[in-house]
Amino acid sequence: MTRSLEILIVADDPRMCNSLEALLKSRTYEVSSANCGKDALVSLKTTQFDLVILDVHLQDIRGHEILSHIKIQHPDTPVIFIAGDTDLDSALLALRCGAYNYIRKPFEPDELLKTVENALTQRLLRQEKDIIDQELKLSEAMYRSLVENIPDIIYTLDTDGKFTFLSESVEQLLGYAPEELIGKHYATFVAKADRKKVHWLFNEGRSGNRTTTELELRLQASEKKFGPDRFLNVEVKSIGIYESVPPDGKKRFVGTHGVIRDIHEKKRLQTQLHIAQRMEALGTLAGGIAHDFNNLLMGIQGRCTLVSMDLGDAHPLAEHLNAIDDYICSARGLTDQLLGYTRGGKYEVKPIDINDMLQTTATMFGRTKKEIAIHIEFHDGDIVVEADSRQIEQVLINLFVNAWQAMPGGGTLHLNTRVITLDEEFCTAYRLEPGTYARIKVIDTGIGIDTENLSRIFDPFFTTKERNRGTGLGLASAFGIVKNHCGTITVYSEVGQGTTFTVYLPALDKPVVKHVSEKEEIITGTGTILLVDDEDMILEVGQQILERLGYRVATANSGQQAIETLQQMGSKIDLVLLDMVMPGMGGGDVFDHIREILPDIRVILSSGYAIDGQAREIIKRGCNGFIQKPFVVSELSQKISRLGIEKNNSIREKRKNQNC
């Protein structure tokens, strides 16, 4: 409910006070009267009046003194003076001192009411203006705070493309004080290669019919602050500024305003994502090549083994057969590197101490590279990671060899280890889980790597070496192995300033497990083995090798045939040697059907891939072992022997005899 406006009448004539009071109350005003200046001051002290009607002449205090008091205590309260014909000078003085208006006695009631209404209306308008001004000041302050604190650069250009405003962030991002650029054309700090397209962007805005409002380009930073040739990747957004539409209906372009945003971090994350996607695509291709190549090696090595077993070590051709076997091992080393790159290279994962691994590998490497000085700085205490020790050793050797090749005249190799915590921002860029990591730095003082080659450094088969002097698989393999261990490798290099490779591996709190090597002993046995593989050459070679080891062999060239054979032969089969990758029904599905038919039968999984991903899942479901192609006879015979199928065969025969 709106309150009634309060008016104070100050006059020493009671009759005039009464008549004015009656007149104003008839218009719903709240009215109070004071017949002397002293009473008026008391009322003004206790009440905030909306209007004061003040007689110039009072017996105790001059009207101008009361006006001064009102203007000091209540500056927004309008005052209307009542003056006689002889008081004109006093009334004019009152106006100069801040009175709203005056009326001359005798006055008409309508004249007084009109003057009162105008005074109150003006007071209300003044109050609303003050509120609006205050809101504008607050809005301006908030806007200024926003502009000054936002990390983006806010800018305006005139019709010639010269800066008329730049926010303070231009100094932080580009090193220029805003006043340095005011009045200068935008092209003065745009990279030359980008000037044509940014000129098109701003000129397109003049028509108002534009196809885009943003553009990526490079801005040159202040040479005084950042040195020469320092550029910042930014995204520029712009909107044309136009005058209000004139009577002819045409708009007039008066300038441009917009935002310049630093996208350096965005570009870095995009680059990391593109690299990761490219690595995954190349990894799929390389993994397929390695798998098929390992199957071929299996056929070659199997035939070589069969010939060796027939001829014996004393035969003159044994030397050539041993050489072939060595070549096969070298070829398998290449496929191991390919599988390492494809994130399929973990074999025997155990807790290992990175400090011990780095010390051992660096010492071994240093003995053969006397021209390289090696300095190692270890983290205090053990740094334990869960990894395949041979794979991590391969990563370190590849990084050391790369550093050595980058220092043809000798140099220094700095190695250090730390335990660090990686935050979410870093981990997002490299597809890692935030947490505690072992960090290994390999720093050389070599020739460095240029920008173009740096972006391809981890690509398989990419090499800067001369022809026949490298496969281009070393760093690719290292990258894949580390990614397969849920880590990553980063590289930083400048031409002539050396290169730093940084390896991150998840750290954990577990004791170290020492590796124990096995003897290459061939163990024969008895029993029946079902050999399952979709490659005929693997079936032929595998069957002959197993028979030479003393086993009876049934073969199946598909998953469906394997299941049918098991259903027919049942418990006569003691072990299944199962290929993991087959068309139609894969090894995982076949294994599940085998367990349904014969829950206790032993199963060894084989594959040209390493034990990771799908193979590891099958192992978790109860598969009894894994062997990677191409495998040697001693390795296969030992894995079969450890499963004790001869013992199971003896128990079955005993039960069979008892039943008879």
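Fair warning: this is a prediction, and the values are worked out from it, not measured in the lab. All residue numbers refer to positions in the sequence shown, counting from 1.
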Heavy atoms of other groups near E596 CD, more than 12 under 6.0 Å = yes
Check whether any side-chain heavy atom of F591 lies under 4.5 Å from a side-chain heavy atom of R621, and answer yes or no.
-> yes
Okay, side chain of K350, backbone of A387: is any donor-acceptor separation there less than 3.5 Å?
-> no
Evaluate the criterion side-chain contact (heavy atoms from CB on, under 4.5 Å) for residue pair M582 and L578; output intermediate values, then yes/no.
-> CA-CA 10 Å; M582 295 183 293; L578 174 64; 4.1 Å; yes
In this structure, OG1 of T502 is separated from CD1 of I489 (nearest 0.5 Å) by 9.5 Å
Side-chain ion pair, D574 and R602, N-O less than 4.0 Å = no
Does a side chain donor of either T363 or Q359 reach within less than 3.5 Å of an acceptor in the other side chain?
-> yes
Checking N624 side chain against V603 main chain: does a donor-acceptor pair fall under 3.5 Å?
-> yes
N398 side, atom CG; L475 side, atom CG - distance, nearest 0.5 Å = 6.5 Å
Given I522 and L549, is the side-chain contact (heavy atoms from CB on, under 4.5 Å) satisfied, shown in steps?
-> CA-CA 8 Å; I522 297 177; L549 292 175; 3.6 Å; yes
Closest approach of P351 and V384, non-hydrogen atoms and distance?
-> CB-CG1, 3.8 Å
Say whether, by atom type as modelled, one donor and one acceptor occur between the side chain of H485 and the main chain of D388 under 3.5 angstrom.
-> yes
Can you tell me if D589 uses its side chain to pair, donor with acceptor, with the backbone of M585 under 3.5 Å?
-> no
Residue pair E393, T361: steps toward the side-chain contact (heavy atoms from CB on, under 4.5 Å) verdict = CA-CA 7 Å; E393 180 181 7; T361 310; 3.9 Å; yes
Give me the ring orientation class for H414 and H375: parallel if the planes are under 30° apart, tilted from 30 to 60°, perpendicular past 60°.
-> parallel
Spacing of I420 atom CD1 and Y437 atom OH [to the nearest 0.5 Å] | 9.5 Å
State whether the side chain of R595 and the backbone N or O of I601 hold a donor-acceptor pair below 3.5 Å, judged by distance alone.
-> yes
Mind listing the closest non-hydrogen atom pair of I440 and I354 along with its distance?
-> CD1-CG2, 3.6 Å
Can you tell me how far CD of Q561 sits from CD of Q568, rounded to the nearest 0.5 angstrom?
-> 9.0 Å
Does atom CD of E371 have more than 12 heavy-atom neighbours from other groups under 6.0 Å away?
-> yes
Considering residues, nucleotides and ligands other than D423, do more than 12 of their heavy atoms fall under 6.0 Å from its CG?
-> yes
Full working for side-chain contact (heavy atoms from CB on, under 4.5 Å) between L432 and F426 | CA-CA 8 Å; L432 303 177; F426 181 92; 4.3 Å; yes
Can you check whether H379's main-chain N or O pairs, donor with acceptor, with N355's side chain at less than 3.5 Å?
-> yes
Side chains of E547 and Q543: is there a donor and an acceptor less than 3.5 Å apart?
-> yes
Mind checking the CD1-NE2 spacing from I563 to H593? Nearest 0.5 Å is all I need.
-> 4.5 Å
Do the side chain of N557 and the main chain of D533 share a donor and acceptor less than 3.5 angstrom apart?
-> no
Residue pair T417 / L358, side-chain heavy-atom distance below 4.5 Å | yes
Could you give the distance from CD (Q567) to CG (L598), rounded to the nearest 0.5 Å?
-> 9.5 Å
Keeping the roles fixed (side chain from D444, backbone from T499), state whether a donor-acceptor pair exists under 3.5 Å.
-> yes
Do you know which two heavy atoms are closest between C427 and L422, and how far apart they sit?
-> SG-CB, 3.6 Å
A438 versus I383, closest heavy-atom pair with distance | CB-CG2, 3.3 Å
Only counting residues at least two apart or in another chain, list the ones meeting salt bridge (Lys or Arg N to Asp or Glu O under 4.0 Å) with R418.
-> E377
Under the salt bridge (Lys or Arg N to Asp or Glu O under 4.0 Å) test, which residues partner E540, sequence neighbours left out?
-> R303
What is the minimum heavy-atom distance between S607 and V581, and which atoms define it?
-> OG-CG2, 4.3 Å
Side chain S641, main chain S637, donor-acceptor under 3.5 Å | no
Looking only at non-hydrogen atoms, find the nearest pair between V532 and S558 and report the distance.
-> CG1-O, 4.0 Å
Please check if the side chain of S493 supplies one atom and the backbone of I449 the other of a donor-acceptor pair under 3.5 Å.
-> yes
Report yes if the side chains of I352 and I392 come closer than 4.5 Å at any heavy-atom pair, otherwise no.
-> yes
